[in-house]
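Structure record follows, encoded as structure tokens.
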Amino acid sequence: MPGEFEPHAGTWMLWPCRADTWRHDARPAEAAFAAVADAIAAAEPVTVGVRPDRLERARAALPPAVRVLPLASDDAWMRDVGPSVVVGPGGERRAVDWSFNAWGGAVHGLYPEWSADDGVAAAVAGHEGMARYRSPLIQEGGGLHGDGDGTLLVTVECVLSPGRNADLGRAEAERLLVDYTGARTVIWLPEGVVEDETTGHVDNLLHLPAPGLVLLTWPDDPADPQAARSRAALEVLRSTRDARGREFDVRMLPMPGPLRMTEAEAAGLVPGPGSKPRRAGDRLAGSYANFYLANGRAIVPLLDPRTDEAALRTIADALPDRAVIGVPAREILLGGGNIHCITQQVPAG
């Protein structure tokens, strides 16, 4: 599995649709998704899969350069439901289709019906003309980061959560991760970001923008509940080596907030039966690590005026060869994720 920082043939996204996730019938979220697609389309082709009943709205909101295709889904998290693309020795690309159960199924899943989401990876593979591997591991793309050089980062909280693979155990889960990504070393971090409804996705805790380089979410307040989680991740990263035996260069990304859902934002939602309730005062799992690397660019969420500039500067210093583009992303965060969560790259092969 190539690193995200390696050349892309393009990017896939989905279009927001759920009234219990996106306020005001997803109109504010649509504007945020369109801004992300526009920022990426300046660097590489973008395809957006859209439920048939939303095609007209999506086409009107998205830039003309963005390809829009009808595609059934239950929501808009392409990172998690789309394929993780692997590349063979001759450059051929194939799609890894992870088993998906809405981030925890009946135990801690976010909505009760996810069959359309579970079919997205196969649909994308078909559009791209790629052969597909269906993995028995319950896994989402946001639950792993790879360096393209044999190293995979995951969290125990996510991969071995009660609603995913706890019954498999760590050894078997690691075997499947290695088998389907081609990794040689899997590094297990304890937990992700506090109140992350994905149950600890590693892509919200950190970013792996180059082999040996980690940008780690780090709150300024040592009493913040996230501080202990970030310290625990740092201890693991400093005590381990990657697949090539390198030490990690860990740099701290400021953490926004804490950010919370407002009464006005919660009032715009329509609760759905069996779906995660979203209430005023809920802590949002905001993280600048949830950025996306397009060709020559880093597309970074803007989340908090108090910390946005410091985060952009940290990322720019770490990635001097990329243009760093900030996109207002609170509307995406209100749905439970951010820019990395709504994008999935297709490597150049």
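Because the structure is predicted, anything quoted here is derived from the model rather than measured. All residue numbers refer to positions in the sequence shown, counting from 1. What you see below is based on every heavy atom in this structure, not just the backbone, and it leaves out hydrogens, waters and symmetry mates.
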ask   = Would H145 and H340 count as a close aromatic pair, with their ring centres under 6.0 Å?
value = yes
ask   = Do the side-chain N and O atoms of H8 and E44 include a donor-acceptor pair separated by under 3.5 angstrom?
value = yes
ask   = Are side-chain N/O atoms of D80 and W103 paired as donor and acceptor at under 3.5 Å?
value = yes
Close side-chain approach of M130 to E92, heavy-atom, < 4.5 Å = no
request  = Check whether any side-chain heavy atom of V202 sits under 4.5 Å from a side-chain heavy atom of C158, and report yes or no.
outcome  = no
Nearest heavy atoms of A102 and W114, plus distance in Å = CB-CE3, 3.7 Å
key: Same apolar cluster (I L V M F W Y, side chains within < 4.5 Å links), M13/V327   = yes
Result of checking V193, L303, D196, L333 against L284 for side-chain contact (heavy atoms from CB on, under 4.5 Å) = L333
request  = Looking only at non-hydrogen atoms, find the nearest pair between A243 and D149 and report the distance.
outcome  = CB-O, 3.7 Å
query = What distance separates L168 CG from L160 CG, expressed to the nearest 0.5 Å?
reply = 8.5 Å
key: Residues R184 and D242 bridged, charged N to O under 4.0 Å   = no
query = Taking NZ, NE, NH1 and NH2 as the nitrogens, is one of them in R175 or D179 under 4.0 Å from a carboxylate oxygen of the other?
reply = yes
task = Establish, from distance only, whether the side-chain atoms of T217 and S287 form a donor-acceptor pair under 3.5 Å.
result = yes
ask   = When clusters are formed by joining ILVMFWY residues with side-chain heavy atoms under 4.5 Å apart, either directly or through shared neighbours, do L253 and L237 land in the same one?
value = no
query = If two hydrophobic side chains count as joined below 4.5 Å and joins carry through other members, does F33 share a cluster with V81?
reply = yes
request  = Provide the closest heavy-atom pair for A294 versus A43 in the form atom of the first, atom of the second, distance.
outcome  = CB-CB, 4.4 Å
message = For W188 versus V156, what's the shortest heavy-atom pair and its separation?
response = CE3-CG2, 3.7 Å
Y180 side chain to S84 side chain, donor-acceptor N/O pair below 3.5 angstrom = no
ask   = Between R18 and Y111, is NZ or CZ placed under 6.0 angstrom from the six-membered ring centre and within 45° of the ring axis?
value = yes
Beyond-backbone contact of P273 with P112, side-chain heavy atoms, under 4.5 angstrom = no
inquiry  = Any non-hydrogen side-chain atom of D97 less than 4.5 Å from a side-chain atom of S135?
reply    = no
ask   = Distance from Y288 atom OH to N204 atom CG, nearest 0.5 Å?
value = 12.5 Å
Donor-acceptor pair, side chain of D118 and main chain of F100, under 3.5 angstrom = yes
Any donor-acceptor N/O pair, R79 side chain to T343 backbone, under 3.5 Å = yes
message = Strictly below 4.0 Å, N to O, side chains only: are E197 and R278 in salt-bridge contact?
response = yes
ask   = Do E140 and W98 meet the criterion of a side-chain donor-acceptor pair at a distance under 3.5 Å?
value = no
ask   = Hey, are R238 and E247 close enough for a salt bridge, meaning a charged N less than 4.0 Å from a carboxylate O?
value = no
ask   = Quick one: do L259 and L312 end up in the same hydrophobic cluster if we chain Ile, Leu, Val, Met, Phe, Trp and Tyr together by side-chain heavy atoms under 4.5 Å apart?
value = yes
ask   = Do I187 and L208 belong together in a cluster built from hydrophobic side chains that touch within less than 4.5 Å?
value = yes
message = When you compare the side chain of P347 with that of P7, does any pair of heavy atoms fall below 4.5 Å?
response = no
inquiry  = Using a 6.0 Å cut-off, check whether atom CG of D249 has over 12 heavy atoms from anything other than its own residue.
reply    = yes
key: Minimum heavy-atom distance between T155 and G192, given as atom pair plus value   = CG2-N, 4.3 Å
ask   = What distance do E172 atom CD and L176 atom CG have between them, rounded to the nearest 0.5 Å?
value = 4.5 Å
inquiry  = Checking W22 against D75: is there a side-chain donor and acceptor pair closer than 3.5 Å?
reply    = yes
message = Please identify which of these residues, Q345, H127, Q344, E128, meets the side-chain hydrogen bond (donor to acceptor under 3.5 Å, both in side chains) condition with W12.
response = E128
message = Treating D308 as the side-chain partner and D304 as the backbone partner, does any N or O pair qualify as donor plus acceptor under 3.5 Å?
response = yes
Interatomic spacing from CE in M1 to CG in D147 - rounded to 0.5 Å = 9.0 Å
remark   = Heavy atoms of N101 and G163 approach each other most closely as ND2-O, 2.8 Å
request  = Look at atom CZ of R134 and say whether more than 12 heavy atoms of other residues, nucleotides or ligands are closer to it than 6.0 Å.
outcome  = yes
key: Spatial distance of atom CG (L14) from atom CE (M78) [nearest 0.5 Å]   = 3.5 Å
task = State whether D224 and R229 are salt-bridged, where the test is any N-O pair (Lys NZ or Arg NE/NH1/NH2 against Asp/Glu carboxylate O) under 4.0 Å.
result = no
request  = Check whether more than 12 heavy atoms from other residues, nucleotides or ligands sit under 6.0 Å from atom CG of D167, and answer yes or no.
outcome  = no
Approximate separation, where rounding is to 0.5 Å, of H207 NE2 and I315 CD1 = 8.0 Å
